[in-house]
Amino acid sequence: MKKILLLLLAVMALFGASAQTPEWRKQLDRLDKEADQLYEEKKWKKLVANQEQYRKVFMSLPDSVRQEHFWDTDLSGNYYYNLACWKALAGDKKGALKTFEYYTDRVIDSEEIRLTNINRDSDLDAIRQEPRFKACMERLVKWGDYKQKLKDAKQYHSGLVPDGFKFRYAAPNDPDLVKIREHFKLDSVAGAGDEISKIKNLLHWVHEIVPHDGNSYNPEVKNTIAMVELCKKENRGVNCRMMAQMLTEVYLAMGFKARFVTCLPKDYVSDCHVITTVYSNTLNKWLWVDPTFDAYVMDENGTMLSIAEVRERLREDKPLQLNDYANWNHKSKQTKEYYIDHYMAKNLYYLVCMEWARFNHETAIEGQTYRYIALMPYDEINSKSSAINWNYLRICDDKLFWQSPYEE
């Protein structure tokens with residue numbers, strides 16, 4: 001069973017208490033509340049009628065209104081998926097198949113597909129053996145089997161080194177980084193334990209200090225002190241990119257070498273994800289650390305892994321573990337099956353880093369240069385991609401991309 005998601009979560013503009021709530025908003029709110037009740041009571045036919053009325057009201061709005069207040073001028077794929085399930089439960093197999101076909105057309109090339117959920121969802125059992133459903137699944141698998149896409153990716157190729165390229169890392173005695181260290185009392189945050197415990201403590205601190213909000217706008221000043229103060233002032237969060245930049249600055253301030261890494265899918269769909277990588281001298285490798293989810297990934301022995309190691313283990317079906325307290329804003333516990341096998345399998349096809357890890361990574365500063373390095377499979381180095389900008393420096397040498405920051 002699925003839990004009803006408030007369909008108006010996609011509303012872009014909020015109406016203040018003093019503003020006149022438009023009639024269409026009142027109608028959609030009323031239908032939402034009614035749908036919640038019908039779902040709890042398992043009154044599938046009435047729920048289908050409710051949702052069809054919801055769509056009728058939504059689609060009757062002028063394009064200009066939908067463009068202003070919603071992400072899209074059509075409802076999300078999630079809406080049509082749920083509607084197909086509820087039609088199937090209501091005994092309307094023909095309607096369920098038609099809606100599932102629309103869902104398939106709606107999400108392919110535009111939205112993230114959770115194949116495991118679809119394959120396990122008993123709500124669809126009434127239509128699962130129908131030829132039309134199987135035809136949809138063939139299309140969905142071709143588009144949405146992200147782990148298979150990762151497995152099909154060609155190997156990297158060492159030895160092709162661009163002239164003048166080398167990752168650089170700001171020193172901990174940089175005045176701005178010293179200010180971060182002192183302002184947040186990071187020595188106390190890191191604790192007196194070993195290197196790995198300090199890495200985990202600093203990860204957890206960034207996860208806790210501001211909430212994640214994937215829909216928030218990027219602030220103009222993108223450094224840790226400025227972003228934390230802004231979030232407190234405006235009672236808001238920041239997206240994964242900003243959280244990864246904060247954690248990178250924190251590690252640099254504490255003397256660690258670190259970068260934030262944009263993890264991208266083969267074909268851009270729904271989103272990407274940005275995490276941090278920090279170099280461990282104890283383990284002599286880069287480590288995966290994700291402040292959005294307070295997450296790190298381990299092998300079967302509990303040893304923390306790098307982004308490169310997780311990617312290869314996914315390709316080779318080797319064991320992976322997620323720390324048991326990984327979560328989103330303490331509202332949603334993350335699982336290995338979703339976070340690693342699905343979400344990050346989608347987002348590990350291409351990897352992008354800034355050439356210079358420093359304070360104010362992406363703050364627009366006159367005279368400051370910004371160069372991005374994209375790691376791509378060898379055969380795609382000159383190909384077009386909806387995920388990789390043409391102005392990025394493209395490389396296919398993973399050894400160069402992940403070399404120790406202490407190598408010359």
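For the 3.5 Å distance criterion, the side chains of Arg236 and Tyr217 qualify, holding a donor opposite an acceptor. In the model, Asn327 has no side-chain atom that pairs as donor or acceptor with a side-chain atom of Asp294 under 3.5 Å. A donor-acceptor contact closer than 3.5 angstrom links the side chains of Asp74 and Tyr80. Residues Tyr279 and Asn284 have side chains that bring a donor and an acceptor to within less than 3.5 angstrom of each other. A side-chain N or O of Glu195 and one of Ser280 form a donor-acceptor pair less than 3.5 Å apart. A side-chain donor from one of Asp194 and Ser197 sits under 3.5 Å from a side-chain acceptor of the other. Residues Thr99 and Lys87 bring a donor and an acceptor atom of their side chains to less than 3.5 Å of each other.
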Stepwise side-chain contact (heavy atoms from CB on, under 4.5 Å) check, Met243 with Leu247:
CA-CA 6 Å; Met243 295 196 75; Leu247 182 56; over 6 Å; no

Going through the checks in order, is the side-chain contact (heavy atoms from CB on, under 4.5 Å) test met by Lys198 and Met254?
CA-CA 10 Å; Lys198 291 179 179 180; Met254 290 298 293; 5.8 Å; no

Yes or no on side-chain contact (heavy atoms from CB on, under 4.5 Å) for Ile113 and Tyr146, after CA distance, side-chain angles and deciding distance?
CA-CA 9 Å; Ile113 299 169; Tyr146 305 122; 4.0 Å; yes

Take Asp397 and Tyr156, measure what side-chain contact (heavy atoms from CB on, under 4.5 Å) needs, and give me the verdict at the end.
CA-CA 6 Å; Asp397 189 334; Tyr156 297 122; over 6 Å; no

Report the C-alpha separation of Asn360 and Thr363 in whole Å, then their side-chain angles, then the decisive distance to 0.1 Å, and conclude whether the side-chain hydrogen bond (donor to acceptor under 3.5 Å, both in side chains) test is met.
CA-CA 5 Å; Asn360 260 341; Thr363 301; 2.7 Å; yes

For the pair Glu229 and Lys232, evaluate salt bridge (charged side-chain N to carboxylate O under 4.0 Å, His left out) and give the outcome as yes or no after the intermediate values.
CA-CA 5 Å; Glu229 290 179 350; Lys232 289 180 178 179; over 6 Å; no

Should Glu111 and Tyr81 be marked as a side-chain hydrogen bond (donor to acceptor under 3.5 Å, both in side chains) after you check the CA-CA gap, both sets of side-chain angles, and the distance that decides it?
CA-CA 12 Å; Glu111 293 187 30; Tyr81 179 84; over 6 Å; no

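Taking a 6.0 Å sphere around NZ of Lys166, one finds it holds more than 12 heavy atoms contributed by other residues, nucleotides or ligands. No more than 12 heavy atoms of other residues, nucleotides or ligands sit less than 6.0 Å from atom CD of Glu220. Remark: Lys285 NZ is packed, more than 12 non-hydrogen atoms of other residues, nucleotides or ligands lying under 6.0 Å away. Lys46 NZ: 12 or fewer foreign heavy atoms inside a 6.0 Å radius. Atom NZ of Lys333 is surrounded by more than 12 heavy atoms from other residues, nucleotides or ligands within 6.0 Å. Heavy-atom contacts from other residues, nucleotides or ligands closer than 6.0 Å to CG of Asn301 number more than 12. Counting non-hydrogen atoms of other residues, nucleotides and ligands closer than 6.0 Å to CG of Asn235 gives a total of 12 or fewer.
Of the candidates Val206, Ile307, Leu202, Val278, Val278 is the only one forming a side-chain contact (heavy atoms from CB on, under 4.5 Å) with Val289.
Contact check on Asp63 versus Arg66 returns a salt bridge, with a Lys/Arg side-chain nitrogen under 4.0 Å from an Asp/Glu carboxylate oxygen. One finds no salt bridge joining Glu34 and Lys43 here, because no Lys/Arg side-chain nitrogen approaches an Asp/Glu carboxylate oxygen to under 4.0 Å. Salt-bridge annotation for Glu249 and Lys222: absent, with no side-chain N of the basic residue lying under 4.0 Å from a carboxylate O of the acidic one. Using a 4.0 Å cut-off between charged nitrogen and carboxylate oxygen, Lys151 and Asp317 count as a salt-bridge pair. Using a 4.0 Å cut-off between a side-chain N of Lys or Arg and a carboxylate O of Asp or Glu, Lys149 and Asp267 qualify as a salt bridge. Under the 4.0 Å criterion applied to side-chain N and carboxylate O atoms, Glu312 and Arg315 are assigned as salt-bridge partners. For Arg128 and Asp125, the salt-bridge test passes: some basic side-chain N is under 4.0 Å from an acidic carboxylate O.
A cation-pi arrangement is absent between Arg132 and Tyr102, since the terminal nitrogen or guanidinium carbon is not both under 6.0 Å from the aromatic centre and inside a 45° cone about the axis. For Arg259 and Phe167, the positive end sits near the middle of the six-membered ring, less than 6.0 Å away and at most 45° from its axis. Cation-pi contact between Arg311 and Trp288: absent, since separation from the ring centre below 6.0 Å together with deviation from the ring axis within 45° is not met.
Distance alone, capped at 3.5 Å, places no donor-acceptor pair between the Asp123 side chain and the Ala88 backbone.
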Tabulate below the donor-acceptor pairs under 3.5 Å that side-chain atoms of residues 136-143 make, not counting sequence neighbours, or state none.
{"unit_1": "Arg139", "atom_1": "NH1", "unit_2": "Asp105", "atom_2": "OD1", "d": "2.8"}
{"unit_1": "Arg139", "atom_1": "NH2", "unit_2": "Asp105", "atom_2": "OD1", "d": "3.1"}

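Residues meeting the ring-ring contact (aromatic ring centres under 6.0 Å, His included) test with His273, sequence neighbours left out: Phe293, Tyr343.
Using a 4.5 Å heavy-atom threshold, the side chains of Tyr350 and Thr262 count as separate.
For the residue pair Leu348 and Cys263, the shortest heavy atom distance occurs at CD2-SG, 4.2 Å. Taking both residues in full, the closest heavy atoms of Ala244 and Ile275 are given as CB-O, 3.6 Å, listed atom of the first, atom of the second, then distance.
For the atom pair Thr116 OG1 and Asp341 CG, the distance stands at 7.5 Å (nearest 0.5 Å).
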